[in-house]
Amino acid sequence: MKIPASEVLLLLALIIPVVGSFFIFLCRKFPNVREGITLITGIALFANVSLIASRVFTGERPEFVLAEPFSGFTLSLAVEPLGMLFALLASFLWIITSIYAIGYMRGHGEDNQTRFYIFFACSIASVMGVAFAGDLLTLFVFYEILTLMTYPLVTHSGTAEARRSGRVYLGILISTSMVFFLLAVVWTALEVGTLAFSIGGIYPEGTEPWVLGLLLALFVFGIGKAAIMPFHRWLPAAMVAPTPVSALLHAVAVVKAGVFSILKICIYIFGASSLHNLAVAEWLSLLAGFTIIAASIVAMGKDNLKARLAYSTISQLSYVTLGALLGNSAAWTGASMHMVAHAFGKITLFFCAGAILVAHHKKNVSELDGLGRVMPFTMGAFFIGSLSIAGLPPTAGMWSKWYLVLGTVDAGELILLNVLLLSTLLNVYYLVSIPIRGFFKPLRTPVSGIKEAPLPCLIAIGVTTTITVGLFIYPEHLFQAVSGLVTTW
Amino acid sequence: MATIEQLAIFQITIPLIVAPLVFLLKNGNRAWFLTLVTSVAMMWVASQLLVHVLSVGEFVTQIGGWAAPWGIEYRVDTVNAFVLLIVSGMSSIVLMFARQSVNQEIESNKRSLFYTSWLLCLTGLLGVTITGDAFNVFVFLEISSLSSYVLIAMGRDRRALTSSFQYLVMGTIGATFILIGIGFLFIVTGTLNMADISERLSDTSQTRTVRTAFAFIIVGIGLKLAMFPLHLWLPNAYAYAPSVASAFLAATATKVALYMLLRFIYTVFGFEFSFDLPLSETLVILSSAAILVGSVVAIFQDNLKRLLAYSSVAQIGYMLLGVSLATQAGLSAALLHVFNHAVIKGGLFLVLGCFVFRFGTASLKLLSGKGTQMPWTFAAFIAGGLSLIGVPLTTGFVSKWQLVTAALDIGWWPVALVVLAGSILAIVYVWRAVEVLYFRPVSDDSQIVKEAPLELLLPTWLLIGANIYFGINTELSIGVADVAAHWLMTGTR
Amino acid sequence: MTRNPVLQVISKIMIPVILLFASYVQFHGDFGPGGGFQAGVLFAAAFILFGVVFGIESVVKVLPQGVLRFFIASGVLIYGATGFVTLYKGGDFLDYNVLSSHGPSGQHIGILVVELGVGITVASVVIAIFIAFAERD
Amino acid sequence: MDILSHYNYWVAIFLMMTGFYVVIASGNLVKKLIGLNVFQASVFILYISAGVVDKGVPPILKEGASILYSNPLPHVLILTAIVVGVGTTALGLALAIRIKEAYGSVEEDDIHAQEED
């Protein structure tokens, strides 16, 4: 069989999930077939993305122009290593999450499962669009579509609470992006005349610093998905969604789309030299530092497990934002690696939270005392996951944090260095403490024997936990992928 | 094969001649068919005219063989060919939808009258657009207005009568203002031909009389245009009119009024004269207020039709904002939004037509949860709503992009922010409706209803699809808008 | 309405005069002041007078709704048809010169026909409005 | 007196404002229509008076080389405008009748009061 050109593969990455969702719709009467299609679509997408990756990491840079809505500004797809990494991450975790979702949705007896799978697939398609966006306009377009596609997932249950959360979700994400992000994009288009990503930034020499500073601020605040304070409220709100959604979308795909956009804009629109000379970049990175600490402190006060994880995510996202804004290669390496490390760590935690919910209907941290004895596997995985989030060995999180710390040192930002270290302590306090309570405190209501979540859930948890540890032991591939990027910066 | 000049004449005369024929028909369905065929034919004619002016250039055709200052001439250029196509195209699509909707909403003995009024309204709208004679503008304006009062009054609710009356009073005042303005122009220049007036004004401009004429004409058109704060007639009129009439008028009437405004500002008075006066400042304030106030008021509406009507007030604000920038880019954005908004609002009012067809009401309270029973209609509502908000890949986004670009281009920061803030308000009012339609429990379970019939869904989705198509492929819409704006600014192609 | 014999007799004399005058205004329109609008209203005035004095039902008997509708439409059609005839004969819309080999007489013909159309429509519309209002209780 | 040299304008403005006032101030729909008619009539007068040519005769063609005619164009225009005005009035009255049938009143206050229930 002739392997098609990379451009076609690129287009297929968008088409496969959409076609998949169409077939899911057709098979809505047969749940088993429907879930089968979800899995097949996931595998096909991952295979497709891997195929692209195998070419991209050997130096090919496929491009594809979709349309040209405004003269000179196109909707186009193009691949560079960072986007490739993001696409690989999202498409791989989609398979895992689908397996998990089958167990969860059935175990939890959710309604409207077909709608759930359809919009899930469409969300993934938009994530692919974000990852492969060839210019700022395309990035913006898919960013918005992603928001809309995840909205039905957030409001899945249709309860009053879900609607309220949906309102916050849509309100913050669309408002910030329509006002700040779009303004920044249009302004850039006017200022530069092009929106295509290019290494070293696109702003011409001699652009007024206040213009650049304002633009950077507009971008950082406009990309609400990166959840920098004060635009973080949507993320805890989104936690009313079913757990697979929180796990993949609100721990990985959506939020990563946010920080990925920021990272990409910092690297390919501003470039390191512009960032270094901007006072605004420093203020914003301090704001990111503030978000890291503040979100951690809020997280401590949350008894609801998913809410605590959500605030932890907010804090972790600012790691990436911070790294992106520092603008040196160590920080960018750290930020890119952190996208991956955090993804595996956090998805494990969410999987565990969902497993606890399905098996024991427990939502709050205070109810988890002694649960380790009933769910040893889940609690063990939770432990590994929280170590990774805290950035401790033997997990992947350690490496990314290492590079981020190096980045702050390189940039001479002592305050931020301390922020990162303090954050580790806070993480230990509010995350690592949970499995410790689970294993060592006495059980509140006695349960006889071991009762774990359905098997698909456990498989998913197993896979992500293994990778979290695996990336600690064998970080070379990830590092190479990222440093392949770094040399081109 | 008729010559292009004759085609221009047909644009007015054919609907005018078919109107009495339809009037004589007793059978509503036959009347509908004749109207539809006429409207589609006019769309074809308009497209021929547009192709001609784009490739060959503007042309003039005389009525009765009398040359310009004495006779009436029709003058077709890029701007009005574009508007002609919008008007006749929207009329055709809405008419495809009309048969079943009208059969349900209007008594059988009044249906042919309804279609007669429709054709007369179409004649008037096309006439205002195509004519090159200032007084003729007034006449055609009144033809379209009188017939639209009739169309509105045919709504089932008795409030249709009062809102039609209100519109009649306001509309007549507006038209009379325009008449006064034209009168002053006639007194100053001694001619009624627009091109002539403009030529003669260049010698005498900036006298007090001309400025008075300008003020009267702008205020008069403002009334017809529902320019804030002269919009008070619009929400009721759109809310209580028959569904198809709302869709038709929302998609065309205000667009033609905007065209009239442009025609007077740019062609008759001339760019320099108009913008020497504080026109730009006035328009910017009024249109920003329209965007903000119209959207905020829309949030609190309990009737979906009224909600869309107030949203129209806001959307007209966007168009005027484009005009107020006084640049070619702004003008182009305004013209583009004329087209885009016609597609968006036409589509959305047709969606409401589907709801009204099945449930007999557009009241949000009575429709709660009904979205689930009509998934395709509801999906169309969402798609149209997203376009109204200005989400990417819809026409609304394209308009906003062009408008923000134009505003930033001359450094009008706050204007760009107003445009974007309008989107936020639009999310609120669109999403409020979406939530009620989908998530609220069904208010009345006994009424299990099927999806709207295909005959209604197809035209609805045609417009909604156009929304998406023109959100991605903007070659036609932006292309023509650019050429037209250039033509208005410089008088050359 | 009261059946007042004085009114009835006088209007029986007046109505033909009004109609005659209306016809004069109508057909003399291309030579002097007058034309379809004025003549139409005069024409209608005769019928309205008739209706006021002899009762609305007598007018409806003479001009039932269907007939009235036909007249309303036909006037416009005459007007439009003239325009199309001139188009067909190679002139502009309503370019009367082509109606006859001798230009000015073409103008006469054209104006006469068009004004006839206008007169018919105006008269029947005004009568229709009168009936529509008067018939309601 | 210069201010009276264009007295036709004063008449037109007086009528116009009278009509406008009635339209706004009167709550009775029929009176509103009457006001609207006065308002329109003022504009007709404005036009026709603008067509007057000093010492001009009515523009009916006569034998003779240099007769000064008044400008006929305004009359023609206003004839059209009057017809439009008649149409508007007829439609307005028709609506008023229908409103009377639907609400039992042509007073705006009564109608509003009924709508609020």
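Hydrogens, waters and symmetry mates play no part in the numbers below; they use all other heavy atoms, side chains included. Lettering of chains follows the sequences in order, A, B, ..., and the numbering in each one begins at 1.
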Quick one: what part of [X] sits under 4.5 Å from any heavy atom of chain B, side chain, backbone, both or neither?
X	value
D:Phe20	side chain
D:Ile99	both
D:Thr80	side chain
D:Leu77	both
D:Ala12	neither

*Heavy-atom contacts under 4.5 Å, residues 161-181 of chain B to chain D*: B:Leu161, B:Thr162, B:Ser164, B:Phe165, B:Leu168, B:Val169, B:Thr172, B:Ile173, B:Thr176, B:Phe177, B:Leu179, B:Ile180

*Applying a criterion of heavy atom separation less than 4.5 Å, what residues of residues 219-229 of chain B form contacts with chain D?*
none

*asked:* Please check this pair: side chain of B:Tyr149 against backbone of D:Leu91, looking for a donor-acceptor N/O pair closer than 3.5 Å.
replied: no

*asked:* Between D:Val23, D:Val84, D:Leu46, D:Leu29, who has the most heavy-atom pairs with chain B when the cutoff is under 4.5 Å?
replied: D:Leu29

*For B:Arg158 and D:Gln114, what are the C-alpha separation, side-chain angles and deciding distance, and is it a side-chain contact (heavy atoms from CB on, under 4.5 Å)?*
CA-CA 11 Å; B:Arg158 64 176 180 176; D:Gln114 286 188 42; 3.3 Å; yes

_Minimum heavy-atom separation for B:Ile187 and D:Tyr9, please, with both atom names._
CD1-OH, 3.8 Å

*B:Ile143 versus chain D, heavy atoms under 4.5 Å apart: side chain, backbone, both or neither?*
neither

*May I ask you to check whether over 12 heavy atoms, not counting those of D:Arg98, lie within 6.0 Å of atom CZ?*
no

